[in-house]
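Just follow the structure's listing: the first ligand is 1, and inside any ligand the first atom is 1. Quick note: numbers below take in every heavy atom, side chains included, and nothing from hydrogens, waters or symmetry partners. Each residue takes its place number in the sequence, starting with 1. The structure displayed is predicted, hence computed values, not measured ones.
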Amino acid sequence: MSTYVSAALRRQVVERAGDRCEYCRFPQRVTFLAFEMEHIIAEKHGGTTTLDNLALACPYCNRAKGTDLGSIDPETNRLTPFFNPRTQTWQDHFTLSGAAIIPQTPEGRVTVLILQFNHPNRIQERAGLLAIGQYS
Ligand SMILES: [Zn+2]
């Protein structure tokens with residue numbers, strides 16, 4: 001159960017995010033799915049319901065991340081935190097190859113893996129958006 005996020009705070013998060021998922025960059029405007037207020041550090045780990053700990057996330061990313069903070073990087077076998085949209089820059093950690101999101105760093109690798117950025121259905125959806133200029 002999550003703490004209530006006020007309409008004003010929610011609006012600030014959405015605006016800052018440019019109305020797109022801050023993890024997979026899926027734009028909210030092209031979907032009927034309601035994007036979610038994601039706690040970067042989950043409340044169970046002490047994360048607060050404040051602007052600096054909230055991110056806009058699509059339901060796919062939010063559900064896959066859950067309350068996790070990171071995972072084991074398959075290349076280094078080290079416990080590695082997820083990409084943090086508040087303190088890190090997306091372009092430093094990911095790049096697009098066609099419709100696939102390719103990780104560039106350990107944080108990128110665990111994020112792509114656990115948040116399932118490149119599930120076939122999501123690649124297909126992203127390819128459709130790229131084709132009509134709605135994803136970048
Ligand atoms: Zn997403």
Original post:
What side chain to side chain donor-acceptor pair (under 3.5 Å) pairs are there with at least one residue in residues 9-19, not counting sequence neighbours?
Top reply: D19-Q28
Original post:
Can you name the one residue among F117, Y23, F82 that meets ring pair (Phe, Tyr, Trp, His ring centres under 6.0 Å) with F94?
Top reply: F117
Side-chain donor-acceptor pairs under 3.5 Å in residues 53-61, sequence neighbours left out?
unit_1	atom_1	unit_2	atom_2	d
N53	OD1	I41	N	2.9
N53	ND2	I41	O	2.9
N53	ND2	T48	O	2.9

Subject >> Member of T50, N62, T49 meeting the side chain to side chain donor-acceptor pair (under 3.5 Å) criterion with H39 >> reply: T49
**OP:** Work out how many protein N, O or S atoms lie closer to the Zn ion (ligand 1) than 2.8 Å.
**Re:** 4
Original post:
With I72, which residues qualify under side chain to side chain contact (heavy atoms under 4.5 Å, CB included), at least two apart?
Top reply: N77, L79
Subject >> Q91, CD atom: more than 12 neighbouring heavy atoms under 6.0 Å >> reply: yes
